Amino acid sequence: QVQLVESGGGLVQAGGSLRLSCALSGRTFNNYAMGWFRQAPGKEREFVAAISWSGLKTNYADFVKDRFTISRDNAKITVYLQMNTLKPEDTAVYYCAAARATSPLYTGGVVEDYPYWGQGTQVTVSS
C-alpha cells in the first residue's frame, strides 16, 4: 500500500514563497511518477506539476510556469514543490499524488491517472 504524507503548507503574503514536501512509503519510490495537484473551494482539482520517476522530465501547468519548481530526492523518497512569487489565486489545498509508470519520462497531468493521494496541505496566500 502506497502512502503519501504532505507537509509545508501555511499562510504567506503575496509575493512570498513556500516549499511543500511529500514523503512516500510502502513501495519503491523509483517506479513512481509524482504529481502535485490543487483544489480551491468550489473548484475542481487541477494539475499543478509532475516529475517523472527518472527525474529527467518535468511538466507544469501554464499558470505556475517560472514560479513553481518540482523536484525529487529518491534517496529521501520525497518530492518537493518550491513555490515562489505566490499569488492570492494560488490559495488551495495542495495534494501530492503518485502513479506507477513504465516510462521513465511519464509526467501525466490527469487526476484520474494517479491512484495514490496524500491527505492534502492548505496553502493560503494573503493579498
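Everything numeric in this text was worked out from a predicted model, so none of it was measured. Only this structure's heavy atoms are used, side chains among them; waters, hydrogens and symmetry mates stay out.
- In this structure, the side chains of Leu20 and Met83 come closer than 4.5 Å at one or more pairs of heavy atoms.
- How far CG of Leu86 is from CZ of Arg67: 6.5 Å, rounded to the nearest 0.5 Å.
- Once rounded to the nearest 0.5 Å, the distance linking OG of Ser54 with OH of Tyr106 reads 13.5 Å.
- The backbone N or O of Ser52 lies less than 3.5 Å from a partner atom in the side chain of Arg72, making a donor-acceptor pair.
- A donor-acceptor pair is defined here as one N or O able to donate and one able to accept, closer than 3.5 Å; no such pair exists between the side chain of Gln39 and the backbone of Ala92.
- Asp113 places no side-chain N or O within 3.5 Å of a backbone atom of Gly108 that could act as its donor or acceptor partner.
- For the pair Ala49 and Leu81, the tightest heavy-atom approach, listed with the atom from each and the gap, is CB-CD1, 4.2 Å.
- Glu46 places none of its side-chain heavy atoms less than 4.5 Å from the side chain of Val111.
- No donor-acceptor distance shorter than 3.5 angstrom exists from the side chain of Tyr116 to the backbone of Arg100, with no hydrogens or angles considered.
- No single ILVMFWY cluster, assembled from side-chain heavy atoms under 4.5 Å apart, contains both Trp117 and Val5.
- Clustering ILVMFWY residues whenever any of their side-chain heavy atoms sit less than 4.5 angstrom apart, transitively, puts Val64 in the very cluster that holds Leu18.
- One N or O on the side chain of Trp53 and one on the backbone of Ser103 form a donor-acceptor pair closer than 3.5 Å.
- To the nearest 0.5 Å, atoms NZ (Lys76) and CG (Leu24) are separated by 16.0 Å.
- Contact record, Leu4 with Cys96: CD1-O, 3.6 Å, taken as the closest heavy-atom pair.
- To the nearest 0.5 Å, the span separating OH on Tyr114 from CZ on Arg45 amounts to 13.0 Å.
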Check the pair Val12, Ser17 against side chain to side chain contact (heavy atoms under 4.5 Å, CB included), reporting the backbone distance first and the verdict last.
CA-CA 7 Å; Val12 64; Ser17 299; over 6 Å; no
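- For the pair Gln82 (side chain) and Arg19 (backbone), a donor-acceptor distance under 3.5 Å is absent.
- Taking CD of Gln122 as the start and CD of Glu6 as the end, the distance is 12.0 Å to the nearest 0.5 Å.
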Is there a side chain to side chain contact (heavy atoms under 4.5 Å, CB included) between Glu89 and Val125 once you walk through the steps?
CA-CA 8 Å; Glu89 51 263 44; Val125 185; over 6 Å; no
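- Contact between Ser127 and Pro88 at its shortest, heavy atoms only, is CB-CG, 3.8 Å.
- Nearest heavy atom pair, residue Ala98 against residue Pro115, reads O-CD, 3.3 Å.
- No donor-acceptor pair closer than 3.5 Å links the side chain of Trp36 to the backbone N or O of Tyr94.
- Between the CG atom of Asn59 and the CD1 atom of Ile70 there is a distance of 9.0 Å, given to the nearest 0.5 Å.
- Ring pair Phe47/Phe37 is perpendicular by interplanar angle, where above 60° counts as perpendicular and below 30° as parallel.
- The side-chain heavy atoms of Ser25 and Ile77, taken from C-beta on, include no pair separated by under 4.5 Å.
- The pair Lys87-Asp90 does not count as a salt bridge, with every side-chain nitrogen at least 4.0 angstrom from each carboxylate oxygen.
- Thr58 places no side-chain N or O within 3.5 Å of a backbone atom of Ile51 that could act as its donor or acceptor partner.
- Residues Tyr95 and Tyr60 do not share a hydrophobic cluster, clusters being chains of Ile/Leu/Val/Met/Phe/Trp/Tyr side chains in contact below 4.5 Å.
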